[in-house]
Structures are given as C-alpha cells and as structure tokens.
Protein chains: 2
Amino acid sequence: MATIEDVAKLAGLSRSTVSRVLNNHPYVTDEKKRLVYEAMKQLEYYPNSSAQRLRTQKTDTIAVLVPRLTNPFFPFLIEGLEMIAVKYGFQLLICQTHHDKEKELSFLNLLLTKQVDGLIFTAIENDWATIDSFKTYGPMILCNEYMSEATVPIVRLDQVKGSYLGTRHLIEKGHKEIAYCGGTSSELGIDREQGFRKALAESGLVVNEKWLFRDLYSIECGKTLLRKLVEMDHRPSAIFTGSDEVAAGIIREAKNHKIRIPNELAVIGFDDQPIAELLEPSLTTIRQPTRDMGMKTMELMLAMLANPNMNEARQIIELPIQVISRESV
Amino acid sequence: MATIEDVAKLAGLSRSTVSRVLNNHPYVTDEKKRLVYEAMKQLEYYPNSSAQRLRTQKTDTIAVLVPRLTNPFFPFLIEGLEMIAVKYGFQLLICQTHHDKEKELSFLNLLLTKQVDGLIFTAIENDWATIDSFKTYGPMILCNEYMSEATVPIVRLDQVKGSYLGTRHLIEKGHKEIAYCGGTSSELGIDREQGFRKALAESGLVVNEKWLFRDLYSIECGKTLLRKLVEMDHRPSAIFTGSDEVAAGIIREAKNHKIRIPNELAVIGFDDQPIAELLEPSLTTIRQPTRDMGMKTMELMLAMLANPNMNEARQIIELPIQVISRESV
DNA sequence: GTGAAAGCGCTAACAA
DNA sequence: TTGTTAGCGCTTTCAC
C-alpha cells in the first residue's frame, strides 16, 4: 500500500508538501497541489489513520457507552449523536456495557489507550468515584442518565417532572389507587419515583408500598408484574411504569388474564418508543426528546474538545418532556 | 502520559523487555516481569493503541455496516457478532449507512486507511463491482444480505425457503388470494418474492399483480399499504410481508378501518422481532436466527483474518429459518 | 512556498 | 534472557 513517501516521490516533491495538501494547509501553489493529487490518485493513496493519530494525538472518535442496543431508546439517541458527529468529521465508537461494571471500565480504558478523544455515558454502572479519575484523560459527558456527584457536564431530562406529569395525568383521569414500577439503581430512577410521590402527595393520595415494584426493565418483567397484580386481593386501578417495554409486557399479559385496559387497569409508559403506538390499546406514555438530547450532547462534546478549559464547567442542560395521551389510560 | 520508555527507565530495563511483558512473550524472568508490572502500575501506564496499530499493522477491529440501528433486526445481529468478537479480543466499529451509497463507500475507506482489519456487510448499497475492488485491502463477508456476483464468503438464510414456508402457511390456512409486499433492491428481496411465487404456483394459485407491493419497509409504509388495500374493489384475504414493521403498520391501521385480522385479512411478517408477540392480534412471522447468524459470521471473519488464503473461498453458509405461528393468520 | 529532519510510541529482528 | 536498533507513516517545526 502506498505511503506518503511514495506520493512525494512520484510527484517529485517532499513529504511535507504532500502532507500540507492532505491537510489543506495554505501556502501550496496550485501547480504542486495538482501534482500531488495526481500522484495520490495514480497510487491509490490513502493516509494511514494510525500514523496520523499517533502523530497528532487525536482520533476524531468519540466513545458512546450504552447498556444495550436492543433497547430501542439507544439507537434513537445514537442517531442524534451521530448526526452532529458526522457533520464535524467525527466518528462514533458504540460500546455496549450490558450493564456490566467491568465492561464499563474496559471502555474507559479507550481514553487511556488513546483510542478515542472523549466519552459519552448514556448509563452508568460504576460509582462516580471510580469514573471520576478518568476525566483527566479526556472530556466526558453524561447523557440521559445522571449523578449528582458527577463533576462533568450533564445533558438530561427533568425526570421528576416527567413522572410527575405522568402521574398527574393518571390522577386527572380519576385514578386514586396507583401502582409504580421503576428503577432504583440510578438517580434517574430515584427522581422518577420522587415525581410520582410528589404528584400523589399533592392530591392527598397515599403510596401503597405493596404496589411499588422496582428494577424491572423488560417486556418479560412487565408480564411477571401483571401476574403479581392478578394475584392480589386488592388491585390498583392504574400503574405508572418507567419504560414502554414493561408497559408493553403488562398490556400483553393483561390480555391473557382478561383484564381490560384501561377500564380495569390504566397503564402509562415512558419513552414513547415506536411500539407505544402499535400496542392495543395504544400506550399513553411520556415522550423523551431522544434525538435532540443526542444532538445537544454531541454539540457540547465537540465544544469541549475545541476548548479544553470548558471541561470543568459543571453545566446541566435540561430538555423538555411531555405526556403523550393515547388509549391505555 | 507515561510511555513505554518511562516504564523501561523506572524498571531499569529496556523498552523491548517491557514490550515483551506487555505482549506476554516467553523468555522473560519472573523477576523482571514483576519489575515491569510495578513500574507500569506506578506510572499508570497504558499502551498507546495508535502506536501499536501503526507498528503491527493490525487494529483488532472489525467494521460492521448496517443500514440503521433503529431497525431492531440489526441490534440483535450485532449482539451475535459482538459475543464472538469480544471473546477473541476484537472490537466492533458499528457503521450506519442509512441506505446511502456514498456513506457505504466512506466506510469501505476504513479498510484503506487501516482503521479496521475486516468488514462485514449486513446490507449492500453499491453494486458488487464497486465493492469488489476493496477486497484486496482486507477480508469482507456478507451477512444476511447477499449477491450472487459477490466473490466473498456469505452467511445467510435461505430466503426463498423462508417466504415459501410462510406463503405455504397462508395457503394451508385456506387462503387463495394472497398479496405480497417486499423489497426488490436486493437479491434477498427478489428471492423472497420467488419463494412466494413458487408456493403459489405449486398450489395452482395465480399472482395478482395488483396485489404486489414493493420496497416498503417501515411501520408507516404498512399503514399506507393497508389504506391502499381498503380502497380496492376486490381485496386479498391474506398478505405476506417482508418485515415485521410493515406487518405491524398494517395491523395497526386495520384497526382504524375496522378490518378484522385475521378474519378479513391474514398477515404474516418476517423476522420475529419483539413487537411480533406484542401486537394484537400477535403476529405470525418467519423467524430468522439472527444472533446465530451474527456469531457464525464473526467466527468466519476471525478465521479469515487468521488464515488469509481463505479469503478466496467463496463459501456460503446457510442457516435454518422457520414459521412462528401466532394469531394474525 | 518548500524541504530536511525530528519524533509521536511502539514492536521485532538481530546481536549479544 | 535481554538490549540495541531500525523503522511503522505521518505532521510539524525550523531553516532556507
């Protein structure tokens, strides 16, 4: 494979000049430029990225840590991230942690081994103290998930508000006995529960601890959850869920148990994924502006890369969130 | 950041010895190994990937070209690919073409610029002649989608058989007027249509050209398709679709038009994505062993990397495919 | 406006 | 078993 040296020789010029042409530097005569382009074409020359990276100490690549791509939320987020990245000549390295701490750490090493210039977390497995030490090696941003101890910029939604609005929506429809299902491993999950509790408290409703379900995420979890509800002597009239998948599982399994939705059980989801609209009844849910969040995040990342002393600014960017009313409530 | 030189100095050894320890070479005494590890730890040393890649001319990275991650088929395929890749210390570089020829070409350049060692296509945008020239720069495999002119290994499903079985299933349920919806831009799509025609022909049924719909892929497309059916004087009693998304759109929109499924219109999908089971009625579909296909593909890729003269073997690996019977037929 | 030369950080002959 | 040395292919001073 041809190297810059080969091109230089064929063009009768020095490596430096070829490099200048390659990088669009000024002060190269059009004539020499032409010579270089011709030689490059003839030799089918393409610059070796590893050499460029070694020399410039930049990779123009951003690592994006996601739990798993099979959760449709993340492909949409990635679409937003990518739109901006591509526009500025950056590449995404998509890393699936599968909720594994060790894997997350191994991806943090991408920063140390200079495989990426920056890192975007869309979920966090380790505690902040562990992650914090890496921030000297490159900019990091939290996107979607967040931690209050974090000392890096955060792009997020107001989750308290999201679940507050969702729960209010249930209450406005006349529900007084509302179950809750959500995560607790992240601050995001905790905030959602807080929003839920706030809405209930405001209306003078009490939280029934028996109707609190935690750390369920999949369709399968939703099915199991419904079966548990069925076995109860006294059932809630509505359930708030922290994900469209769980809601989908509940709705699916409700069918098997002849429980009518929303009449016997109202269900509200979270995310507004494509399935929300396809379910029968269609799912009322809380829409997250996923693509926008990705775009904002990448814009911030590129700004941080261009302006390193920005990294210490602990800004929090918050995006709007809204209830999409369909048939399940 | 510490370099191998720093480690060598601190350990009182040469760079070579440190490198040997790094790469688990034999012939290093345990004592020196210990010294090296100690120094590495003390300096928080991590090898610079770009330097390693430049030197070894390997990246241990495989590019995976997918149309888009928001189509759930691909995240599942990637899961299979990744399982094997990770096991052997390889990284995936996931590239979304968004069905764009230019983008696909730009990803082929990853091979030329030495950013990846090999390339896996899960869909093809350009014609084979264009792609063919790149195969001198690294192993390539077609996975899922295929082309008969292709001169690289192919891991695929028997699409003719898949749609043949699906159509047979419809016929066995008593349907004689069957519509078809599928792609034509790929051989995969053409083969599917062939399987459809074969099943019809075998049963002495005729293909109604008015009921042939082409190049529809999304949920939205499915909705539009149903609306078209509604306007027809004479409607088919069943429809074969080339994707679960289109099928989902049809089922959703059928509801709006009060068309009962499967009574008035039977629908069969393709893929067996998670939504298939969630739809109401649940979707009869053709299951592709997506994860397995990914695993097989990556195993083959690693074998090709290890054994370069394998690249010319034009083998075709075919995986089984089956009809999953649910309620929509 | 162009070229010579140094060096990014690493590995692998080769020599010892 | 270890060290010396020569690059991998590129960019970027610095000098002209």
Side-chain angles (χ1 to χ4, degrees), chain A residues 1-37 39-40 43-61 89 109-117 137-138, chain B residues 1-37 39-40 43-61 89 109-117 137-138:
Chain A
M1 237 163 141
T3 71
I4 199 171
E5 175 88 54
D6 301 325
V7 176
K9 270 192 191 138
L10 183 61
L13 295 164
S14 73
R15 275 172 8 216
S16 339
T17 304
V18 177
S19 173
R20 284 191 192 102
V21 173
L22 227 52
N23 295 286
N24 287 313
H25 278 266
Y27 310 129
V28 183
T29 55
D30 288 349
E31 168 60 7
K32 312 241 153 159
K33 253 187 209 160
R34 202 185 51 71
L35 284 170
V36 170
Y37 283 132
M40 294 204 303
L43 294 169
E44 293 187 359
Y45 169 76
Y46 284 85
N48 181 310
S49 285
S50 303
Q52 290 182 312
R53 291 176 180 197
L54 175 57
R55 180 60 232 235
T56 61
Q57 306 280 34
K58 299 192 309 138
T59 63
D60 292 349
T61 304
N109 277 340
L110 292 170
L111 235 30
L112 299 177
T113 59
K114 291 270 159 68
Q115 294 191 59
V116 300
D117 296 338
Y137 301 109
Chain B
M1 238 162 138
T3 72
I4 200 172
E5 175 88 55
D6 301 325
V7 176
K9 269 191 192 140
L10 184 61
L13 295 164
S14 74
R15 278 176 358 221
S16 347
T17 304
V18 177
S19 173
R20 285 190 192 100
V21 173
L22 228 52
N23 296 286
N24 287 312
H25 279 265
Y27 311 128
V28 184
T29 55
D30 288 349
E31 168 61 6
K32 312 244 151 153
K33 255 186 207 159
R34 201 185 51 71
L35 284 170
V36 170
Y37 283 130
M40 292 204 305
L43 295 169
E44 293 186 0
Y45 168 76
Y46 284 85
N48 180 309
S49 286
S50 303
Q52 290 182 313
R53 291 176 179 197
L54 175 57
R55 183 56 234 234
T56 60
Q57 306 280 35
K58 299 191 310 135
T59 64
D60 291 349
T61 304
N109 278 340
L110 292 169
L111 233 33
L112 298 177
T113 58
K114 291 272 159 66
Q115 293 191 60
V116 301
D117 297 338
Y137 301 108

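Order of the sequence lines fixes the chain letters, A, B, ..., with proteins taken first and strands second; residue numbering starts at 1 for each chain.
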Undergrad: Going by heavy atoms in the side chains, are A/Arg20 and A/Lys32 under 4.5 Å from each other?
TA: no
Undergrad: Report the end-to-end axis angle of the helix from C/dG1-D/dC16 to C/dA16-D/dT1; each axis comes from five terminal pairs, and the value is rounded to 10°.
TA: 40°
Undergrad: Any side-chain to backbone donor/acceptor pair from A/Thr113 onto B/Tyr46? Under 3.5 Å, distance only.
TA: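 No: the side chain of A/Thr113 does not pair with the backbone of B/Tyr46.
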Undergrad: Is any side-chain nitrogen or oxygen of B/Lys32 closer than 4.0 Å to OP1 or OP2 of D/dT1?
TA: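 Answer no for this pair, as no side-chain N or O of B/Lys32 is under 4.0 Å from OP1 or OP2.
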Undergrad: Considering residues at least two apart in sequence or located in another chain, which fulfil the salt bridge (Lys or Arg N to Asp or Glu O under 4.0 Å) criterion with A/Lys58?
TA: A/Asp60
Undergrad: Spell out, as yes or no, whether a donor-acceptor pair under 3.5 Å connects the side chain of A/Asn48 to the backbone of A/Ser50.
TA: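 Such a contact is found between A/Asn48 side chain and A/Ser50 backbone.
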Undergrad: Rounded to whole Å, please give me the gap between CG in B/Leu13 and P in D/dG3.
TA: 5 Å
Undergrad: Can you build the contact string for nucleotides 8-14 of chain C? Use B for base contact, S for sugar-phosphate-only contact, and - for no protein heavy atom under 4.0 Å.
TA: BBBBBB-
Undergrad: Is a donor from one side chain sitting under 3.5 angstrom from an acceptor on the other, for A/Glu5 and A/Thr3?
TA: no
Undergrad: To the nearest 0.5 Å, how far apart are CD in A/Gln115 and CZ in B/Arg53?
TA: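 CZ of B/Arg53 is found 5.0 Å from CD of A/Gln115.
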Undergrad: CD of B/Gln57: more than 12 outside heavy atoms within 6.0 angstrom?
TA: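 Yes, enclosed.
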Undergrad: Quick one: pull up OG1 in A/Thr29 and CZ in A/Arg34 and give me the separation to the nearest 0.5 Å.
TA: 10.0 Å
